[in-house]
2 protein chains.
Amino acid sequence: MQLSKSSQYAIRILAYMVDYKDSKLLNATELSETLLIPYKFLTKIMTEVVKSGLVISIRGRDGGYCFAKPPSEIKVNEILTIFNDSIKDEQCVLGIGFCNGMCKCALHDQWMEPKHLMQKMFQESTLEEIAGRGCKI
Amino acid sequence: MQLSKSSQYAIRILAYMVDYKDSKLLNATELSETLLIPYKFLTKIMTEVVKSGLVISIRGRDGGYCFAKPPSEIKVNEILTIFNDSIKDEQCVLGIGFCNGMCKCALHDQWMEPKHLMQKMFQESTLEEIAGRGCKI
DNA sequence: TTTTAATTCTACCTTTAAGTAGTAATTATT
DNA sequence: AATAATTACTACTTAAAGGTAGAATTAAAA
Ligand code: SF4
Ligand code: SF4
């Protein structure tokens, strides 16, 4: 019952980057050290994030990462989508897979509410919003 | 964002068993075939469920499984506990791990509500209840 | 133009979850 | 007592997630 490490790390990275969105590029070494995320894993993840279009990377000396669009316009769900962790409508706790109106599994009714809350949480929260709360780790 | 296969299967198996709780023992072959769960995996899972004390197994010819206590007294959460899938209070979407009141992660506040709903769902639902709903797969 | 610091690419390694195989132990039936 | 049908045990295999290594590429700065 957790997001994948890739999604977890990506959210933390981008949330951290919000604070520097107008000031400077953040490079992988700095992100890795302050967020305590393995450097090589971080770069692998960020390469995917860059390919998704959320972030721009500048290669070479003095390079780093910055947002491709304002973090106020980036929904958390967009990050999850990159790693295929977005919660789909048909996704079930029990993961049976053939969930339609006809045949629902034993926990279906009670699962709907927390599922929708999580979908809402991910689809409506922007990076800007969540970065404003909590501490920066 | 899903339960482990072990927990998923165990819930389905026990929910199915509720319908036969007073009539007969159910054996692994029958459970495996009707629930489409790999036989060898099913027996492995059931051995753990038996060890947990929720279910009794009768070995040898005409053997099988039956409940050790009425399914109306078995909470879904007891099943999850066997496979270490129970949702702990300190468990986070972002899984950072040092979640205390002092330092909360970016999604903490929004995560609390669905988390509590899921905990409630698992801790309060009995096998009897969930078996009454949905179809038997 | 060389050096240096950065990302990206390709490939691999490690750990965990999921699943399989074979055999031993147990028990009712014949 | 032998047989057949059942669970339990031990060990292995496979697949996926998580993580690492090293070289290639890029671009600023000296
Ligand atoms: S029946 Fe409902 S709870 Fe079960 S798998 Fe389908 S959507 Fe999920
Ligand atoms: S701060 Fe809250 S949401 Fe984040 S890991 Fe801790 S408990 Fe979970």
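Given the structure is predicted, the values throughout are model-derived calculations rather than measurements. In what follows, every heavy atom counts, from backbone to side chain, and hydrogens, waters and symmetry copies are set aside. Here is how names work: the chains are called A, B, and so on, in the same order as the sequence lines, proteins then strands, and each is numbered from 1.
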**Q** Can A/Gln119 and A/Asp89 be counted as having a side-chain donor-acceptor contact under 3.5 angstrom?
**A** yes

**Q** Taking side chain to side chain contact (heavy atoms under 4.5 Å, CB included) as the criterion, tell me which of A/Phe122, A/Tyr9, A/Phe83 meets it with A/Leu3.
**A** A/Phe122

**Q** Which whole-number value in Å describes the distance from B/Met1 CE to D/dA17 P?
**A** 16 Å

**Q** Whole angstrom is fine here: how far is it from CD in A/Gln2 over to P in C/dA17?
**A** 12 Å

**Q** When A/Thr126 is tested against each of A/Glu78, A/Glu73, A/Lys75 for side chain to side chain contact (heavy atoms under 4.5 Å, CB included), which residue passes?
**A** A/Lys75

**Q** Does D/dT6 have OP1 or OP2 sitting under 4.0 Å from an N or O in the side chain of B/Ser57?
**A** no

**Q** Please list, chain by chain and in numerical order, all residues satisfying side chain to side chain contact (heavy atoms under 4.5 Å, CB included) with B/Ser72, sequence neighbours excluded.
**A** B/Pro70, B/Glu128

**Q** Rounded to whole angstroms, how far apart are CD on A/Glu33 and C1' on C/dA5?
**A** 14 Å

**Q** State, yes or no, whether a side-chain contact exists between A/Leu127 and A/Ile130 at a heavy-atom distance under 4.5 Å.
**A** yes

**Q** Rounded to the nearest Å, what distance is computed from the CG atom of residue A/Asn27 to the P atom of nucleotide D/dA27?
**A** 17 Å

**Q** What residues join A/Tyr39 in its hydrophobic cluster, counting side-chain heavy atom gaps under 4.5 Å, either direct or through other members?
**A** none

**Q** At under 4.0 Å, does any side-chain N or O of B/Ser4 touch on OP1 or OP2 of C/dA17?
**A** no

**Q** Establish whether the base of C/dT29 is bridged to the side chain of B/Arg61 by a donor-acceptor pair shorter than 3.5 Å.
**A** no

**Q** Is it possible for you to check whether A/Lys44 lies under 6.0 Å from the centre of the six-membered ring of A/Phe41, through NZ or CZ, and within 45° of that ring's axis?
**A** no

**Q** How many whole angstroms separate atom NZ of A/Lys5 from atom P of D/dA17?
**A** 15 Å

**Q** Kindly say if B/Lys51 contacts the phosphate of D/dC9, meaning a side-chain N or O under 4.0 Å from OP1 or OP2.
**A** yes

**Q** At a heavy-atom distance below 4.0 Å, what parts of residues 38-45 of chain A sit against DNA chain D?
**A** A/Pro38, A/Lys40, A/Phe41, A/Lys44

**Q** Hey, does A/Thr29 reach any base, or is it just sugar-phosphate, or nothing, if we go heavy atoms under 4.0 Å?
**A** nothing

**Q** What is the distance, to the nearest angstrom, from the CD atom on B/Glu48 to the C1' atom on D/dC9?
**A** 12 Å

**Q** Using OP1 and OP2 only, check whether a side-chain N or O of B/Ser6 sits under 4.0 Å from C/dA17.
**A** no

**Q** On DNA chain D, does the nearest nucleotide to A/Asp62 precede the nearest nucleotide to A/Tyr9 from the 5' side, or the other way round? Give the residue.
**A** A/Tyr9

**Q** Expressed in angstrom and rounded to an integer, what is the separation of A/Met46 atom CE from D/dG19 atom P?
**A** 17 Å

**Q** Please report the distance, rounded to the nearest Å, between CD1 in B/Ile56 and P in D/dA8.
**A** 12 Å

